[in-house]
Amino acid sequence: MTEIRIYNTLTRKRDVLETRTAGKLGLYVCGPTVYDHAHLGHARVYVLFDSLVRFLESRGYEVTYVRNITDIDNKIIKRAQETGETCERVAGTFIESFNADMEALNVRRPTIEPRATEHVQEMIEIISKLVDAGTAYPLEGDVYFSVEGFEGYGKLSGRNLDQLMAGARVEVDTRLRSPHDFALWKASRPGEPSWDSPWGPGRPGWHIECSAMSLKYLGAGFDIHGGGLDLIFPHHENEIAQSEGALGEPFCRLFMHNGFINVNREKMAKSKANFFLISQILEHAHPEAIRLFLLGTHYRGPIDLLVTMDPDGTIREFPQVSEAQKRIEYYYETIGRLEKAAADGSADASLITKAAESFSDRVDASLCDDFNTARAVGHLNDFMKAANELVDGGGGGAAAARALEVLARCGDLFGIMQSTPEAFTRSVRDRKLAALRITAEQIEARIAARREARERKDWASADAIRDELAALGIELRDAGDTTRWTVRG
RNA sequence: GGCGCCGUGGCCAAGUGGUUUAAGGCAGAGGUCUGCAAAACCUCCAUCACCGGUUCGAAUCCGGUCGGCGCCUCCA
């Protein structure tokens with residue numbers, strides 16, 4: 001089998017994946033800070049790693065996937081103050097929202113979903129070790145990590161302290177040993193959640209939680225740490241510093257970072273108010289269309305999301321996602337044809353065997369090469385064509401069954417084609433009909449009228465009905481003596 | 001100021017030295033099929049921002065120019 005190579009931010013090249021323990025793989029992905037609903041950018045990360053885990057498992061790895069929930073942080077506190085709720089309540093609300101979005105997107109639950117607030121003790125232990133070793137120092141109830149006390153500081157992000165100093169444009173806290181020292185522990189202010197610690201009541205800093213939870217569940221030197229590009233510095237850099245400072249051994253073998261979603265070429269971000277929530281996109285497209293859209297670009301590249309709006313500013317559609325949805329419709333249509341052909345055809349499986357095997361190999365090879373899902377989607381399209389060709393040529397039986405098998409495997413990796421053609425078609429159709437305010441019964445009635453006209457060979461009347469429905473966006477497809485219909489858009 | 005990324009057909013997007021004189025999708029043109037259509041399938045449609053260099057050979061490596069973006073502050 002082909003070796004799996006993944007671009008490692010630490011080494012800046014595609015490293016061959018060699019796990020700490022053969023056959024097992026520990027993956028840690030920075031999860032959401034639950035102070036607001038998740039946007040498309042979150043969907044990108046979690047769909048990516050969901051698919052990666054599916055792939056690794058298909059390759060025989062026993063994967064332990066840890067994705068934390070940051071349920072204590074400045075923004076949660078701020079939100080709680082604004083709404084008058086407790087931090088716990090705010091976190092609870094958005095955990096629920098996040099889970100609903102992930103479930104809709106068919107993102108499987110990680111093996112372990114630890115919460116920061118349930119691991120404060122573990123964080124305190126790491127901080128204590130660092131304080132004892134002199135790489136961290138208490139200061140008026142806070143505890144700071146001393147970046148100068150850790151030799152490798154900057155190795156992930158490719159910076160050194162001098163460069164950082166030169167570019168520092170944040171207000172310098174003169175109490176610190178170095179302006180880049182970061183808080184491991186923060187003394188709590190009145191009204192804020194607080195935990196007891198050797199340095200007084202307080203709460204953890206942002207970075208320490210990921211060190212504590214990844215090390216607890218995966219141990220030192222675990223295999224892959226993932227997250228968005230923006231976490232490289234300072235978040236992951238600091239995780240490495242504090243973890244390795246406390247352990248005296250390597251923290252993680254490989255760092256994997258995904259690119260952003262942009263809107264009008266600018267990073268989609270809360271601060272720019274140009275973000276789209278997952279739930280907003282779901283109003284306009286099937287979840288599998290969103291997955292295909294996200295996986296249609298290599299994970300390290302940016303995705304520029306296009307949006308069309310009505311003059312009043314309401315979202316009309318996300319063209320790329322709509323396009324992906326049409327592709328998904330085509331996939332299901334092809335699957336439907338194959339199923340039918342498999343049931344009543346009798347062709348030799350060898351008719352498609354070669355295409356099926358090379359398709360599987362190519363998907364595998366693409367994913368082995370820095371998880372290139374975009375290239376794999378290209379191969380999927382090629383194979384869909386071959387499958388339709390098979391059916392067009394009257395092939396079926398074992399050949400069609402074989403095609404369905406390899407497609408199912410690919411669908412499982414991407415988390416698409418997880419429904420049946422009938423169920424999928426119905427769900428898409430119902431959504432579109434609701435928007436058009438037409439019922440299926442009304443359409444069926446017109447189709448029945450057209451059938452009568454066709455039986456009389458009254459082509460003019462039949463075509464009038466076709467045109468009438470077409471004007472509404474209903475497309476008719478005659479196949480023998482039955483007429484199927486679809487809704488455009 | 002420092003670190004880094006990107007610029008491929010009308011649009012989206014793979015490809016990081018020859019097997020790709022550039023996958024796949026959308027749009028477009030022609031065709032098969034069809035009462036007409038649709039769907040499906042077939043055919044056609046780019047020399048890779050620009051300049052210079054390295055090489056037998058570069059979209060792919062090096063240098064420069066122009067243009068876009070990210071990180072250095074919470075951020076997927």
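Predicted model, so just to flag it, every value in this text is computed and none were measured. Throughout, a chain's letter reflects where its sequence line sits, starting with A, and its residues are numbered from 1.
Phosphate proximity of B/C41 to A/Tyr330: present, with a side-chain N or O under 4.0 Å from OP1 or OP2. In this structure, A/Asn388 reaches the B/C41 phosphate: one of its side-chain N or O atoms is under 4.0 Å from OP1 or OP2.
For A/Phe293 and A/Phe318, the ring centers sit 6.0 Å or farther from each other. Between A/Phe98 and A/Tyr46, the ring center distance clears the sub-6.0 Å criterion.
Where stacking is scored as ring centres under 5.5 Å apart with planes under 30°, A/Trp459 registers as stacked on the base of B/G35.
At least one cation-pi condition fails for A/Lys13 and A/Tyr7: the charged atom is not both under 6.0 angstrom from the six-membered ring centre and inside a 45 degree cone around its axis.
For the C1' atom pair drawn from B/U20 and B/G63, the interatomic distance equals 27 Å after rounding to whole Å. Going from the C1' atom of B/A59 to that of B/A22 covers 8 Å, rounded to whole Å. Separating the C1' atom of B/A13 from that of B/G7 is a span of 14 Å, rounded to the nearest Å.
Rounded to an integer number of Å, the gap from CH2 of A/Trp485 to C1' of B/A37 is 18 Å.
Judged by distance alone, the side chains of A/Glu239 and A/Ser211 never bring a donor and an acceptor atom under 3.5 Å apart. No hydrogens or angles considered: nothing links the side chains of A/Asp73 and A/Thr33 as a donor-acceptor pair under 3.5 Å. Side-chain atoms of A/Asn238 and A/Tyr153 form a donor-acceptor pair, as typed in the model, at a separation below 3.5 Å.
Remark: the backbone N or O of A/Lys385 is not paired with any side-chain donor or acceptor of A/Asn388 at under 3.5 angstrom. In this structure a side-chain-to-backbone donor-acceptor pair under 3.5 Å is missing from A/Tyr28 to A/Met213.
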Original post:
What is the per-nucleotide protein-contact pattern of nucleotides 17-27 of chain B, from the 5' end, where B denotes a base atom under 4.0 Å from a protein heavy atom, S denotes such proximity for sugar-phosphate atoms only, and - denotes neither?
Top reply: ------BSBS-
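Nucleic acid contact for A/Lys13: none, since no nucleic acid atom lies under 4.0 Å from a heavy atom of the residue. In this structure, A/Ser157 reaches the sugar-phosphate backbone alone: every heavy-atom distance under 4.0 Å involves primed, P, OP1 or OP2 atoms, never a base. Among the protein residues, A/Ile261 comes within range of the nucleic acid bases, having at least one heavy atom under 4.0 Å from a base atom. Using a 4.0 Å heavy-atom distance criterion, A/Gly259 is classed as a base contact. Residue-level contact check: A/His257 touches neither bases nor backbone, having no heavy atom under 4.0 Å from any strand. A/Asn372 comes within 4.0 angstrom of sugar-phosphate atoms only, judged by non-hydrogen atoms across all strands, and of no base.
The partner of B/A49 is B/U65, judged by Watson-Crick or G-U wobble contacts that both fall below 3.5 Å. Both distances falling under 3.5 Å, in either a Watson-Crick or a G-U wobble arrangement, occur for no nucleotide opposite B/A59.
Residue order along RNA chain B, read from the 5' end via each residue's closest nucleotide, puts A/Pro302 first among A/Pro302 and A/Asp230. Heavy-atom nearest nucleotides on RNA chain B were determined for A/Pro32 and for A/His298, and the one closer to the 5' end corresponds to A/His298.
The pair A/Glu357-A/Arg402 meets the salt-bridge criterion, with a side-chain N (NZ, NE, NH1 or NH2) lying under 4.0 Å from an Asp/Glu carboxylate O. Taking the charged nitrogens against the carboxylate oxygens, A/Glu339 and A/Arg337 have no contact shorter than 4.0 Å, which rules out a salt bridge.
Between the side chain of A/Arg300 and the base of B/C5, no donor-acceptor pair under 3.5 Å is found. Within 3.5 Å, no donor on the side chain of A/Arg44 pairs with an acceptor on the base of B/A76, nor the reverse.
Of the candidates B/G70, B/C71, B/C36, the closest approach to any side-chain atom of A/Asp478 belongs to B/C36.
Residues from residues 446-455 of chain A placing a heavy atom under 4.0 Å of any atom in RNA chain B, listed by number, are A/Arg450, A/Arg454.
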